[in-house]
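Everything below concerns the one structure shown next.
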There are 2 protein chains.
Amino acid sequence: MPETEAPRGTPTIREVADAAGVSRATVSRAFSRPELLKPSTVEHVQAIAGRLGYTPNVAARALSTGRYATLALVVPDIANPFFPPLVRGAQQAADQAGYCVFLGDSDESPAREDVLLGRFAGQVEGIVSASSRLAAQVVRRHADRRPVVLVNRDIKGIPRVLIDTASGITAAVAHLAELGHRRIAYVSGPQTSWSNQQRRRAIQRASSASGLELVTVAARRPTYDSGVARVLDLLASGVTGVVAFDDVVAQGILAGLATAGVSVPDQLSVIGCDDVVAATTSPPLTTVSARTDEAGRFAVELLLRVLGSSDVRDARYVLDTRLIVRATTGPAAKIASRSANRTTSGGGRAMQAGRKIFGS
Amino acid sequence: MPETEAPRGTPTIREVADAAGVSRATVSRAFSRPELLKPSTVEHVQAIAGRLGYTPNVAARALSTGRYATLALVVPDIANPFFPPLVRGAQQAADQAGYCVFLGDSDESPAREDVLLGRFAGQVEGIVSASSRLAAQVVRRHADRRPVVLVNRDIKGIPRVLIDTASGITAAVAHLAELGHRRIAYVSGPQTSWSNQQRRRAIQRASSASGLELVTVAARRPTYDSGVARVLDLLASGVTGVVAFDDVVAQGILAGLATAGVSVPDQLSVIGCDDVVAATTSPPLTTVSARTDEAGRFAVELLLRVLGSSDVRDARYVLDTRLIVRATTGPAAKIASRSANRTTSGGGRAMQAGRKIFGS
DNA sequence: TCCGTGCACGCAACCGGTTGCAGGCCCTGG
DNA sequence: CCAGGGCCTGCAACCGGTTGCGTGCACGGA
């Protein structure tokens with residue numbers, strides 16, 4: 001008895017077609033290519049569809065067109081405050097274009113990242129991989145299957161958006177040199193991180209250019225605790241200024257220093273990177289600012305452009321950075337050491353409101 | 001001339017079938033229901049498929065089975081540090097089950113959340129909505145189309161995971177009362193937030209139970225800047241203790257107080273909520289701890305259970321919370337007010353390391 | 001030797017849209 | 001009045017797996 005057709009949860013194109021008295025093709029066109037139809041027909045079909053609560057089935061559409069209207073975003077650690085703004089920016093850009101975004105968290109593991117990219121490749125139009133920890137060759141293999149856009153990873157032939165912290169780092173070193181520092185430290189991040197390599201190189205170059213001695217301390221994972229744990233090494237190293245891989249590490253260092261009774265910036269100057277929590281530390285952190293939200297947005301827009309016309313092959317966007325001087329940098333310690341730490345905040349420097357901006 | 005078949009980018013089931021000398025059905029079964037096939041056949045097909053680099057097309061599979069192997073997670077603001085750990089937990093749980101997760105950021109807007117849920121409904125098996133700002137009726141409408149699990153939103157009939165901050169808040173108020181505070185403030189969060197309502201109610205109840213006067217100050221958006229902006233109101237209100245909607249607001253308050261030269265906890269005690277940045281503030285923030293990562297994980301596991309057997313209708317998981325006393329709470333100000341702010345950190349209380357834990 | 005039984009696999013319809021192609025209709029120009 | 005040309009719309013194949021049903025075959029029992 002096929003007389004009573006059970007109406008599914010959500011109606012299909014056929015039911016709309018029947019209700020509207022047209023063919024399925026017409027319903028389809030009413031949604032995807034309305035300019036091919038008589039305006040009155042479009043209106044009629046849309047009305048019926050609206051009444052029935054019809055929504056095109058994305059799987060069916062994806063199957064026949066290959067357009068998924070989705071893309072994937074892979075990050076090493078969503079809990080690292082560097083990434084949420086980036087995710088947000090990417091999200092908004094994708095949204096405007098009607099795309100949905102998958103999120104993947106590789107947990108800083110290249111192996112997991114590889115798995116994620118492979119899994120996503122089958123169900124998205126393109127992938128944005130931020131701060132990829134993968135070997136270049138592996139990234140290329142994935143990029144070979146699906147369009148990939150990188151953020152903060154510089155691989156020739158793959159479209160990429162780079163936050164050029166080198167300029168900001170250079171300004172940071174100059175800032176320290178100007179304040180009379182002679183011996184400084186770089187607390188490094190993940191070894192497979194392009195950003196880390198870039199920053200390390202920039203600081204080496206800038207230090208030797210300014211005649212500063214440079215000590216490197218490895219933090220590996222860029223976490224708060226990792227920053228805290230580096231403090232003893234830092235104090236033992238006899239430096240008067242520190243540049244940290246990122247703000248999170250810098251924040252950990254600040255906390256460690258506070259616990260150790262070392263006053264910032266009187267006894268030690270600290271500079272962060274990314275400006276991601278910098279305004280909320282105490283004292284407010286001098287840092288290298290990067291518009292991470294823009295990086296996310298750009299990456300998605302670039303990806304969409306690649307999807308549109310595949311001749312954008314070797315794009316390479318560079319976002320510049322600036323040094324933002326807040327309150328964790330001051331004159332080198334030998335100068336400050338004659339006085340104790342009388343004034344903790346705002347002492348000796350006329351720079352609390354109105355942030356001063358250096359940089360390229 | 002149909003002799004030269006262009007091999008597509010990724011091979012289809014037909015090509016594998018041809019290469020293996022079996023039917024498409026057999027290839028399909030080799031992947032989805034191998035127990036129906038002779039072991040040698042399975043092995044053979046898998047080998048061929050592996051060599052060709054075959055991957056089942058998810059869109060095609062989704063179309064014929066209705067199983068998408070995806071789910072969506074919607075949050076009001078990924079940049080709010082409350083959510084990244086939750087996202088992470090959700091992500092991991094989904095991953096273990098072979099699901100990919102869409103992320104949506106509603107930007108605290110009910111309208112956008114509505115759009116997101118609608119868009120996701122068509123392409124996922126289920127949805128986790130965290131801290132939904134939607135009207136209950138609207139949520140129900142969505143839940144009617146697709147299984148929905150809520151986090152921190154209590155709607156009867158819809159499976160939900162709740163972080164019971166009431167218990168922690170109650171302990172917080174008791175803690176303040178014990179320290180001699182008589183008049184305290186609650187800095188509230190988003191009005192449509194269930195958590196905010198829950199916290200406000202808990203603090204009202206606890207205050208009157210302890211005989212404390214309660215003042216409420218509205219922060220609306222739970223941001224750092226919003227916290228900073230509430231400081232003048234707080235100082236004008238004549239309270240000696242403050243409970244903030246969340247850690248982010250509390251952090252802003254701390255910063256605002258520092259700028260205003262008010263010492264914490266000597267002149268004013270501050271308590272946060274969620275324990276999400278609390279360990280990184282200065283002084284370290286006394287707060288109500290919630291395992292947000294577990295909430296995310298639970299929500300996904302619950303969703304998967306709903307998908308498995310749809311008889312879990314009215315599940316309601318409650319995660320308890322605890323008060324973690326760090327360094328922003330101390331004796332009521334009238335005691336401290338006789339002396340100015342001589343000792344900024346660690347004065348008057350023997351409680352820096354070894355955190356004390358109260359709670360349900 | 002013949003038939004019943006069950007395993008392993010193929011056939012073909014189906015999921016729900018999309019799109020090249022063809023055909024009907026109407027309008028215009030000769 | 002007829003031919004030609006557009007404009008709309010329908011037909012039907014197709015995207016790539018999945019799955020109910022049926023069949024061929026081997027094997028065991030009578």
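Each chain gets a letter, A, B and so on, in the order the sequences are listed, and its residues count up from 1. Scope of the values below: all heavy atoms of this structure, side chains included, with no hydrogens, waters or symmetry mates.
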> Are A:R33 and A:S28 side-chain neighbours, meaning at least one heavy-atom pair lies under 4.5 Å?
Replying inline: no
> Under 4.0 Å between a side-chain N or O of A:R14 and OP1 or OP2 of C:dG17?
Replying inline: no
> What is the distance, rounded to the nearest whole Å, between atom CD of A:E15 and atom P of C:dC15?
Replying inline: 11 Å
> Can you pull the ring pair (Phe, Tyr, Trp, His ring centres under 6.0 Å) pairs that have at least one residue in residues 17-39 of chain B, sequence neighbours excluded?
Replying inline: B:F31-B:Y54
> Base, sugar-phosphate alone, or nothing: which one does A:S28 contact when heavy atoms must sit under 4.0 Å apart?
Replying inline: base
>> With the threshold set at under 4.0 Å for non-hydrogen atoms, list the residues of residues 43-55 of chain A touching DNA chain D in residue-number order.
In response: none
>> List the residues meeting side chain to side chain contact (heavy atoms under 4.5 Å, CB included) with A:A136, not counting sequence neighbours, and say none if there are none.
In response: A:R140, A:R153, A:I155
>> Quick test of your reading: applying side-chain hydrogen bond (donor to acceptor under 3.5 Å, both in side chains), list the pairs with at least one residue in residues 58-67 of chain A, sequence neighbours left out, ordered by first then second residue.
In response: none
> Which nucleotides of nucleotides 9-14 of chain C have their base under 4.0 Å from a protein heavy atom (B), which only their sugar-phosphate (S), and which neither (-), written as one string 5' to 3'?
Replying inline: SBB-B-
>> My understanding is that only residues two or more places apart in sequence, or in another chain, count here; which of them pass salt bridge (charged side-chain N to carboxylate O under 4.0 Å, His left out) with A:R141?
In response: A:D114
>> Please report the distance, rounded to the nearest Å, between CZ in A:R33 and C1' in D:dT9.
In response: 14 Å
> Which residues pass the side chain to side chain donor-acceptor pair (under 3.5 Å) test with A:R24, sequence neighbours left out?
Replying inline: none
> Rounded to whole angstrom units, what separation is found between the CZ atom of A:R67 and the C1' atom of C:dT19?
Replying inline: 11 Å
> Could you give the angle between the helix axes at the two ends of the helix from C:dT1-D:dA30 to C:dG30-D:dC1, with five pairs per end, rounded to 10 degrees?
Replying inline: 60°
> Taking only residues two or more places apart in sequence, or in another chain, which ones meet B:D154 in a side chain to side chain contact (heavy atoms under 4.5 Å, CB included)?
Replying inline: B:R160, B:L162, B:W194, B:R316
> Got a salt bridge between A:E301 and A:R305, using NZ or NE/NH1/NH2 to carboxylate O under 4.0 Å?
Replying inline: no
> Can you check the B:L63 CG to D:dG16 P distance for me, whole Å?
Replying inline: 12 Å
> CZ of B:R61 versus P of D:dC15: gap in Å, rounded?
Replying inline: 19 Å
> Do any pairs count as a ring pair (Phe, Tyr, Trp, His ring centres under 6.0 Å) and have a residue in residues 109-130 of chain A, sequence neighbours left out, and if so which ones?
Replying inline: A:F102-A:F120
> What residues, two or more places apart in sequence or in another chain, satisfy side chain to side chain contact (heavy atoms under 4.5 Å, CB included) together with A:L52?
Replying inline: A:P11, A:V16, A:A19, A:I48
> Looking at residues at least two apart in the chain, or sitting in another chain, which of them share a side chain to side chain donor-acceptor pair (under 3.5 Å) with B:D107?
Replying inline: A:R88
>> If I take atom CZ in residue A:F31 and atom C1' in nucleotide C:dT18, what distance separates them, rounded to the nearest angstrom?
In response: 14 Å
